[in-house]
Amino acid sequence: MSTTMSSRRAFLGGSLLFVGGMALAACGKDDAAKAGAKIMLEQWYHAYGEAGTQQAAIRYAKEYTKANPDVAIKVTWIAGDYSAKLHSTLLTPQAPDLFEIGDFQYIDVKNGLFAPLDDIVKGQEGQYTKVALDSASADGKLYGLKMMDDAMVLYYRKSVLQQAGITPPATFAELAAAAKKLTSRERKGLFIGSDGLGNAPYLLLWSNGADLLDPEGKKVVFNSAESIAAISGLKQLHDDKSLLQDFTTDWYDPGAFIQGAAAMQWCGLWAMPAIKKALGDDFGVVAWPKFGDAGQPVSRVGGWFAVAGAKGKHVEEAKKFIQWLWIKQADLQKDWCVSYGFHVPARKSVAAQTTEFGSGPAKDAADILANTSKAYPNLWNTAMDSAFAQAVLKIAKSGGDAKALLDEAAAKCQAELDKQLA
């Protein structure tokens, strides 16, 4: 993906197999058989950067095996480009039984790579947001169960805004004015990404009532009048020279905000512990402000989905593990979300029990997530993302004709969309 859809994670490596509570070098069925297991499931994770996550995943597998001695689980931590390695392996006999997906893609369902999960989720739909269900649904079926929600919000430095007589922005006009006023020789007003784009093109569309695709997912609509007006707002930020660009870290890392290189930064909830440690209570969060009078504040939600491979030999056992861990084990879901990193549990009942989101900016971020979150449609692919980003870049930095550029990009994206739906 381009920087607008890229992963924020660092990568590690390693793999262990747990059978009957015993750690084994992960290799094959013989080890599992010796320990008494009849079935071995292979579970893949991308290598989370948060310390303790790998050990936690192994512990969960171990607990499942204690309750189900016939099932061994091989936990594999994937270093490097997780998505590329996963998708290449899913096309082979070595495809994992269980894995996680970040940006859910319709083409994976069309290619028959994912098993539907409707039977294990039946009766539990109300526990998940509409965004979480819609993102992982295709052709009337659910193919991924949300593990946790990564809320993204606009951080602002309280003392800096107060000294400048600025209140947290509630409209784009206020955001642009604040970013310009807060810009000085030593500091920029706003950081949305080192490329000067980040998530902003999507946020601007959504905040003006526009979208990437129509509600039916059959037509590209980001070249509407509302879209053109909103994207032109990004050009204003560039013209005002109020954006921090070419910083040593990107928008998903809080370094620029913590170091004072920017007074405001678009970033994720995952960064809040580091920000709080560095700045104490001298920060707050708001949603991306509404663009116009007819718009609305928005945020983007990321996170990961648990998925069962459709081509594995033990599809039903894989689904049972997903049900056990991500539906039935509230304590383990809380542990995964807040004991290592900082994420909102995807299940509403579990999120309500997670006291870490009960007050302060953490509560504000959780409320923003619950009330304003949007996600990329699963029909939005890499080629479409690239065409859209290239058009926006020319509009924002080169002053290109917004309508002409977005019309051209929309035509390319429509061809990609038609190809997927064919």
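Heads up: numbering here begins at 1 and tracks the sequence. Remember, it's a predicted structure, so these values are computed and weren't measured experimentally.
- Here the closest non-hydrogen pair linking W266 and N199 is NE1-OD1, 3.1 Å.
- Across every non-hydrogen atom of G144 and V307, the tightest pair is CA-CG2, 4.2 Å.
- Between F114 and F104, the gap from one ring centroid to the other is short of 6.0 Å.
- Here the side chain of Q127 pairs a donor or acceptor atom with the backbone of S349 at under 3.5 angstrom.
- Judged purely by atom type and a 3.5 angstrom limit, D214 uses its side chain to pair as donor or acceptor with the backbone of K219.
- For S88 (side chain) and K85 (main-chain N/O), a donor-acceptor pair under 3.5 Å exists by modelled atom type.
- Nearest heavy-atom pair, T65 versus A72, reported as atom, atom and distance to 0.1 Å: OG1-CA, 4.3 Å.
- Taking a 6.0 Å sphere around NZ of K348, one finds it holds more than 12 heavy atoms contributed by other residues, nucleotides or ligands.
- Using a 4.5 Å heavy-atom cutoff, the side chains of M272 and V285 are in contact.
- The side-chain heavy atoms of Q265 and Y156, taken from C-beta on, include no pair separated by under 4.5 Å.
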Salt bridge (Lys or Arg N to Asp or Glu O under 4.0 Å) between D281 and K276, worked out: CA-CA 7 Å; D281 294 327; K276 186 170 181 61; 2.9 Å; yes
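- Heavy atoms from other residues, nucleotides or ligands lying under 6.0 Å from NZ of K394 number 12 at most.
- Proximity of the aromatic rings of F222 and Y202 is defined here by a centroid distance below 6.0 angstrom, and this criterion is not met.
- The minimum heavy-atom distance between L421 and K218, with the atom names listed, is CD1-CA, 4.1 Å.
- N381 and Q105 share no donor-acceptor pair across their side chains, judged by distance under 3.5 Å alone.
- The minimum heavy-atom distance linking P254 with I275 is given by the pair CB-CG1, 3.7 Å.
- Side-chain N or O atoms of T129 include one that pairs as donor or acceptor with a backbone N or O of A132 at under 3.5 Å.
- Using a 4.0 Å cut-off between charged side-chain N and carboxylate O, D150 and R300 make no salt bridge.
- Two rings, from W326 and Y64, have their centers 6.0 Å or more apart.
- The aromatic rings of Y45 and W336 sit tilted, their planes meeting at an angle between 30° and 60°.
- Neither side chain, S232 nor Q236, offers a donor N or O lying under 3.5 Å from an acceptor on the other.
- Between H87 and the options D108, D81, I107, a side-chain contact (heavy atoms from CB on, under 4.5 Å) holds for only D108.
- The closest donor-acceptor contact from the side chain of Q333 to the backbone of Q329 lies under 3.5 Å.
- In summary, the side chains of S227 and S224 do present a donor paired with an acceptor at a separation below 3.5 Å, with no hydrogens or angles considered.
- With F357 as the aromatic partner, K363 does not meet the cation-pi criteria of under 6.0 angstrom to the ring centre and within 45 degrees of the ring axis.
- Between the side chain of K319 and the backbone N or O of P116, at least one donor-acceptor pair lies under 3.5 Å.
- The six-membered or imidazole ring of W304 lies near that of H46, with a centre-to-centre distance under 6.0 Å.
- Using a distance-only test at 3.5 Å, with no hydrogens or angles considered, no donor-acceptor pair links the side chain of D335 to the main chain of V338.
- Counted by atom type alone, T76 and Q43 present zero donor-acceptor pairs between their side chains at under 3.5 Å.
- Minimum heavy-atom separation, I258 to A274: CD1-O, 3.8 Å.
- Atom NZ of K141 has 12 or fewer heavy atoms from other residues, nucleotides or ligands within 6.0 Å.
- Of the charged side-chain nitrogens involved, at least one lies within less than 4.0 Å of a carboxylate oxygen, so that D211 and K374 count as a salt-bridged pair.
- Under the 30°/60° scheme for interplanar angles, the aromatic rings of F388 and W380 are found to stand perpendicular.
- One N or O on the side chain of T92 and one on the backbone of Q94 form a donor-acceptor pair closer than 3.5 Å.
- Here the side chain of E174 pairs a donor or acceptor atom with the backbone of A170 at under 3.5 angstrom.
- Between the N208 side chain and the K290 main chain, no donor and acceptor come within less than 3.5 Å of each other.
- Salt bridge absent: K313 and D97 never bring a charged side-chain N and a carboxylate O closer than 4.0 Å.
- Comment: K66 does not engage E63 in a salt bridge, judged by the lack of any side-chain N to carboxylate O separation of less than 4.0 angstrom.
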